[in-house]
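Read the structure below first, then the notes.
Just so we're on the same page: letters track the sequence lines, and every chain starts at 1. Computed from a predicted model, the values in this text were never measured in an experiment.
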2 protein chains.
Amino acid sequence: MAAAPQDRRPTVEQEIDQRLAKAGLRWTRGRRAVVEAMGRSTAPMSVPELQSAVGPGVPLSSLYRIITDLLEAKVLLKLEFAEGFARFELDEELASHHHHLVCTSCGQVADLELADLEVTLGASVKSIRRRTGFRATAHRLDFFGLCAACA
Amino acid sequence: MAAAPQDRRPTVEQEIDQRLAKAGLRWTRGRRAVVEAMGRSTAPMSVPELQSAVGPGVPLSSLYRIITDLLEAKVLLKLEFAEGFARFELDEELASHHHHLVCTSCGQVADLELADLEVTLGASVKSIRRRTGFRATAHRLDFFGLCAACA
DNA sequence: ATATATGCAAAACTTTTGCATACAA
DNA sequence: TTGTATGCAAAAGTTTTGCATATAT
């Protein structure tokens with residue numbers, strides 16, 4: 001659903017602009033390329049994947065520095081799936097809260113929304129705080145198994 | 001509760017023995033030290049943590065090789081919390097299925113059991129298979145926030 | 001104009017590997 | 001005894017950093 005004229009909620013682009021500004025970061029060619037590549041992807045990307053999505057204009061060291069900055073600005077989220085390297089995706093508030101399906105055979109990682117579960121998880125957060133004093137502000141739920149193609 | 005004489009279920013040690021044997025692995029001093037250190041810990045350990053728990057008798061390269069072997073034998077489980085390095089814990093069937101509370105302030109990782117949630121998650125696994133064809137055989141749920149001490 | 005971001009090269013950190021020796025079965 | 005595991009050193013893979021230059025504001 002596109003933003004209607006009377007919609008006062010900022011677009012994703014505007015929201016990203018704001019986060020960069022708040023972090024004191026400039027809107028540069030490299031950062032634009034990374035954010036756009038992330039926006040095009042439907043699953044968290046590794047740095048090599050990001051590099052080929054962005055094209056040869058951005059060297060590795062810059063990619064890593066851009067990622068570090070975007071993490072600090074809360075534009076990106078860092079994920080690790082016990083693969084030995086990190087993956088990244090757009091911050092959940094910029095996209096939507098979701099979980100991951102990790103295929104243990106081919107390594108593919110897919111996004112998945114499970115709205116009904118979130119209610120239950122919200123209740124768990126309260127019970128955790130009551131039982132342990134831990135104040136959870138975020139969670140991650142990943143499923144491991146075989147994707148349709150590998151099964 | 002200790003195993004009663006009539007209890008036919010193997011102890012954790014026997015179960016580990018079996019898994020090593022099935023994988024064709026010998027029960028050596030280094031592996032024993034690692035398994036014991038893991039058994040003593042209540043939270044997943046990084047390799048440096050494991051190294052100091054085990055003491056100076058086991059060099060890094062051996063530790064990593066031992067970990068690799070124990071992962072293959074399904075005695076250990078590998079976890080990553082987007083810290084840039086891996087953590088390890090005893091396989092869930094050797095301990096108990098649980099989740100993690102990761103403090104984003106001090107970095108502490110604590111174990112947590114949430115039995116009631118497992119039922120809901122089981123239902124989700126079925127719904128995922130129906131909707132996407134993905135066959136989940138395991139899951140991981142981690143909560144991020146502030147531990148009681150940091151809050 | 002000025003502070004910030006980039007590009008290149010070098011380095012740091014985690015993890016893996018080759019090879020000779022030591023050890024478990 | 002025989003194959004497996006270990007220890008040391010060297011290397012590989014991922015991520016970080018120093019410094020000079022280029023760029024956004």
Measure all distances between protein nitrogen or oxygen atoms and nitrogen or oxygen atoms of nucleotides 18-23 of chain D, and list the pairs falling under 3.5 Å.
{"from": "D:dG18", "atom 1": "O6", "to": "A:Arg65", "atom 2": "NH2", "distance (Å)": "2.7"}

message = Show, in sequence, the C-alpha distance, side-chain angles and deciding distance for A:Val102 and A:Gln108, and conclude whether the side chain to side chain contact (heavy atoms under 4.5 Å, CB included) test is met.
response = CA-CA 6 Å; A:Val102 183; A:Gln108 185 203 83; over 6 Å; no

Spacing of [X] atom [atom1] relative to [N] atom [atom2], expressed in whole Å:
X       : N      : atom1 : atom2 : result
A:Ile66 : C:dT6  : CD1   : C1'   : 8 Å
B:Arg29 : C:dC23 : CZ    : P     : 8 Å
B:Leu60 : C:dT14 : CG    : P     : 9 Å
A:Leu25 : C:dA5  : CG    : C1'   : 10 Å

message = Is there a side chain to side chain contact (heavy atoms under 4.5 Å, CB included) between A:Leu141 and B:Leu121? Walk through the geometry before answering.
response = CA-CA 10 Å; A:Leu141 173 61; B:Leu121 288 171; 3.8 Å; yes

query = Taking the six-membered ring for Trp, is the centroid-to-centroid distance between A:His100 and B:His139 below 6.0 Å?
reply = no

query = Pairs in or reaching into residues 29-51 of chain B: which pass salt bridge (Lys or Arg N to Asp or Glu O under 4.0 Å), with residues at least two apart or in two chains?
reply = B:Arg31-B:Asp69, B:Glu49-B:Arg87

Residues from [range] sitting under 4.0 Å of DNA chain C, heavy atoms only?
range                     : result
residues 69-90 of chain A : none
residues 45-59 of chain A : A:Gly57, A:Pro59
residues 34-43 of chain B : none

query = For A:Val75, which of A:Ile67, A:Val35, A:Asp91 qualifies under side chain to side chain contact (heavy atoms under 4.5 Å, CB included)?
reply = A:Val35

A:Leu117 and B:Thr120, any side-chain heavy atoms less than 4.5 Å apart = yes

key: Within-4.5 Å side-chain heavy-atom neighbours: B:Pro44 and B:Leu77   = no

ask   = OP1 or OP2 of C:dA5 sitting under 4.0 Å from any side-chain N/O of A:Arg32?
value = no

ask   = If you draw a 6.0 Å radius around NZ in A:Lys74, do more than 12 non-hydrogen atoms from other residues or ligands fall strictly inside?
value = no

ask   = Hey, what bend do you get for the helix from C:dA1-D:dT25 to C:dA25-D:dT1 if you fit axes on five pairs at each end, rounded to 10°?
value = 40°

inquiry  = Run A:His98 and A:Glu113 through side-chain hydrogen bond (donor to acceptor under 3.5 Å, both in side chains) and show every step you take.
reply    = CA-CA 5 Å; A:His98 59 262; A:Glu113 295 193 30; 5.8 Å; no

query = Which listed nucleotide (C:dT15, D:dT6, D:dT15) is nearest to the side chain of B:Tyr64?
reply = C:dT15

